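Side chains included, hydrogens not; waters and symmetry mates left out as well; all remaining heavy atoms used. Owing to the predicted nature of the structure, the values given are computational and were not obtained by experimental measurement.
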Amino acid sequence: MRILKWIGLTVVALALIGAAVGLWKREEITRLLAVNSLFDADLIAGNFSNMDDLFLTVPVDRGAGPVRALEAGSPMTMPDGFDAWVDARSVLAAVVLKDGAVVYENYWGGTKAGDHRVSWSVAKSFLSVLAGVLVEEGALALDDPVTRHAPKLAGSAYEGATVRDVLEMESGVAFDEDYLDPNSDINRMGRTIALGGTLDDFTAAITVRRAPPGDSFTYVSMDTHVVGMVLRGATGRSIADLLSEKVIVPLGLEGTPYYMADGAGAAFVLGGLNMPTRDYARFGQMVLDDGRVDGAQVVPADWLAASTAWSAKTAPGALKYGYQWWAPKDARPGEVFGQGVYGQYLWIDREAGVVIATNGADRGFRGAGVSDGNIAMMRAITAAARSATE
């Protein structure tokens, strides 16, 4: 009986300890569960529009100025196949600007205009323009070794890489970016965020290289985090504060953007920026206008030209890459886009004067021909918008 009593007391004690740990770590456990169910078919659309309910976040102050109006243009007729594409690709939002005016806007999947939708890797293009402003101001140079501004990376696989290398995804580090493999490096990183870890520590622990820095292009999202570490180190300021002052405030956005953040409050710059789709379009219009907003130069035009010169050593026949911006395999003059997993696009055709911002919850985004089909639809929308005003 004494043994049974001891066992009973032990079970109770363990249960109490488990309950205490559960309460102590409740937020971390909730975020970990959110990571594990983030892309579930019946949750993904709502999750992507409410990331602040699931993760730590940091706001990006939009400033106290008025909202910069988006004029209403003549409504366009969407191209053949558009409705089928929306259904097949689980599109949640689409905003089309022609010459700065809204010619199409719609929302699906139970979402609405003001929702702050996650950008995923479209966020990388925002960091690119911020880097351009800081390079112009002299805070850093493209040929600086990343360890000059992020000494924590000394001894890691990033030692020897330059700022240019990480902007072009040519760091040479070995990193598994397979979102569909729960044990991949990118998903380990997601669990690090969920459990309140720091991405600086996670990145500094990467020690394996696949190639020398600057040798070849391989898409590694942690390269973008290193860009963020460099910008923070070069200025002594947070990315949220820098992006607010240098880029966001002049845009006159409708909503206050926010970044998902790690346990130290560092912005998840490689994919955690959230804002309404109309505000993504406002940013795209600034890029189309060579970095100007209402006549004021927000981002250096020379930087935008250099960052979309497709200088990265991508494979023949693959999508082209610059400083955190993409172009089609057969890029036409003026075409540039940001893209994120699960169907996020910011398409800019500078010659046509068209900006297309879309958000999606496409669980089949990695399917054969999906990327090519999305690009073909962006071009079809651009042609339709252009013809509607000519």
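For Asp302, the CG atom counts as loosely surrounded, since its 6.0 Å shell holds 12 or fewer non-hydrogen atoms of other residues, nucleotides or ligands. For Asp330, the CG atom is densely surrounded, since the number of other residues' heavy atoms within 6.0 Å is greater than 12.
Remark: the backbone N or O of Asp87 is not paired with any side-chain donor or acceptor of Trp108 at under 3.5 angstrom. Between the side chain of Gln344 and the backbone N or O of Tyr342 there is at least one donor-acceptor pair closer than 3.5 Å. Not one N or O on the side chain of Thr198 forms a donor-acceptor pair closer than 3.5 Å with the backbone of Gly263. Side-chain atoms of Ser387 come within 3.5 Å of backbone N or O of Ala383 as a donor-acceptor pair. No donor-acceptor distance shorter than 3.5 angstrom exists from the side chain of Gln324 to the backbone of Thr224, with no hydrogens or angles considered. Looking at Ser311, its side chain never comes within 3.5 Å of a backbone N or O of Ser307 through a donor-acceptor pair. In this structure, the side chain of Ser49 does not engage the main chain of Gly46 through any donor-acceptor pair within 3.5 Å. A donor-acceptor pair under 3.5 Å is formed between the side chain of Asp61 and the backbone N or O of Gly63. No donor-acceptor pair under 3.5 Å is formed between the side chain of Asp40 and the backbone N or O of Asp42.
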| side-chain contact (heavy atoms from CB on, under 4.5 Å) between Arg350 and Thr308: does it pass, once the steps are laid out? | CA-CA 12 Å; Arg350 290 170 285 196; Thr308 58; 3.4 Å; yes
| Can Asp165 and Thr162 be said to form a side-chain hydrogen bond (donor to acceptor under 3.5 Å, both in side chains), step by step? | CA-CA 5 Å; Asp165 291 333; Thr162 66; 3.2 Å; yes
| field | Tyr158/Thr147 under side-chain contact (heavy atoms from CB on, under 4.5 Å): CA gap, chis, key distance, verdict | value | CA-CA 8 Å; Tyr158 281 99; Thr147 50; over 6 Å; no
| request: I would like to know whether Lys98 and Ser74 meet side-chain contact (heavy atoms from CB on, under 4.5 Å); could you show each step before the answer? | output: CA-CA 9 Å; Lys98 174 68 172 78; Ser74 300; over 6 Å; no
| message | Go through it in stages, so that I can follow the logic: the residues are Tyr219 and Trp326, the test is ring pair (Phe, Tyr, Trp, His ring centres under 6.0 Å), and I'd like the CA-CA distance, side-chain angles, deciding distance and then a yes or no. | response | CA-CA 11 Å; Tyr219 190 83; Trp326 294 95; 5.5 Å; yes
| Met78 and Asn106: CA distance, side-chain angles, deciding distance, side-chain contact (heavy atoms from CB on, under 4.5 Å) verdict | CA-CA 11 Å; Met78 299 306 278; Asn106 210 343; over 6 Å; no
| Does the salt bridge (charged side-chain N to carboxylate O under 4.0 Å, His left out) test come out yes or no for Asp201 and Lys152, once each step is laid out? | CA-CA 8 Å; Asp201 288 341; Lys152 191 180 188 72; 2.8 Å; yes
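Ala41 and Ile44 get closest at one heavy-atom pair: O-CG2, 3.8 Å. Nearest approach of Ser244 to Pro250, heavy atoms of both residues: O-CD, 4.3 Å. The minimum heavy-atom distance between Phe337 and Ala327, with the atom names listed, is CE2-C, 3.5 Å. The two atoms that bring Ile193 and Ala261 nearest to each other are CG2-O, 3.6 Å, heavy atoms only. Between Ala240 and Val58, the shortest heavy-atom distance links the atoms CB-CG2, 4.1 Å. Across all non-hydrogen atoms, the minimal contact from Ile239 to Gly228 is CD1-O, 3.7 Å.
Arg282 CZ to Gln285 CD: the interatomic distance, rounded to the nearest 0.5 Å, is 10.5 Å. Distance NE2/His225 to CZ/Arg232: 5.0 Å, rounded to 0.5 Å. Rounding to the nearest 0.5 Å gives a distance of 8.0 Å between CD1 of Ile248 and CG of Asp279. Separation of atoms CD1 (Ile206) and OG (Ser171) is listed at 8.0 Å; rounding is to 0.5 Å. For the atom pair NZ (Lys329) and CG (Leu319), the distance works out to 6.5 Å, reported to the nearest 0.5 Å. The structure places OG1 of Thr314 at 6.5 Å from CZ of Phe217, a figure rounded to the nearest 0.5 Å.
With no hydrogens or angles considered, no side-chain donor-acceptor pair links Asp52 and His116 at under 3.5 Å. With no hydrogens or angles considered, a side-chain donor-acceptor pair links Asn187 and Ser184 at under 3.5 Å.
A heavy-atom distance below 4.5 Å is not found between the side chains of Trp85 and Pro79. Annotation: side chain of Ser221 is in contact with side chain of Ile186 (closest heavy-atom distance under 4.5 Å). Residues Val299 and Lys246 have side chains not in contact (no heavy-atom distance under 4.5 Å, counting atoms from C-beta outward). Inter-residue side-chain proximity for Leu54 and Asn47 is flagged as met; some heavy-atom pair is nearer than 4.5 Å. The side-chain heavy atoms of Arg366 and Asp178, taken from C-beta on, include a pair separated by under 4.5 Å. With contacts defined as side-chain heavy-atom distances shorter than 4.5 Å, the pair Leu304/Val129 qualifies. Within the 4.5 Å cutoff, side-chain heavy atoms of Met286 are placed close to those of Val247. Two residues are said to be in side-chain contact when any heavy atoms from C-beta on lie closer than 4.5 Å; Phe202 and Asp262 fail this criterion.
The only member of Phe283, Trp325, Tyr259, Phe268 that meets ring-ring contact (aromatic ring centres under 6.0 Å, His included) when paired with Phe126 is Phe283. A side-chain hydrogen bond (donor to acceptor under 3.5 Å, both in side chains) with Tyr345 is found for exactly one of Asn374, Asn359, Thr358, namely Asn374.
Taking the charged nitrogens against the carboxylate oxygens, Arg237 and Glu245 do have a contact shorter than 4.0 Å, which makes a salt bridge. Contact check on Asp144 versus Arg148 returns a salt bridge, with a Lys/Arg side-chain nitrogen under 4.0 Å from an Asp/Glu carboxylate oxygen.
In terms of hydrophobic clustering, with Ile, Leu, Val, Met, Phe, Trp and Tyr side chains grouped at heavy-atom distances under 4.5 Å, Leu142 and Leu231 are assigned to a common cluster. There is a path of hydrophobic side-chain contacts, each under 4.5 Å, that joins Met229 to Val166. Note: the hydrophobic cluster containing Leu243 also contains Met260 (ILVMFWY, side chain heavy atoms under 4.5 Å, direct or indirect links). Linking ILVMFWY residues whenever their side-chain heavy atoms come closer than 4.5 Å, directly or via other members, leaves Leu38 and Leu92 in distinct clusters. Both Val122 and Leu288 belong to a single network of hydrophobic side chains, linked directly or stepwise wherever heavy atoms of I, L, V, M, F, W or Y lie under 4.5 Å apart.
A salt bridge (charged side-chain N to carboxylate O under 4.0 Å, His left out) check over residues 103-127, counting only residues at least two apart or in different chains, returns the pairs Glu105-Arg278, Lys112-Asp115, Asp115-Arg117.
With ring centers used as reference points, Tyr104 lies under 6.0 Å from Phe82.
Taking Asp215 as the reference, Ala211, Pro212 meet the side chain to side chain contact (heavy atoms under 4.5 Å, CB included) condition, with sequence neighbours excluded.
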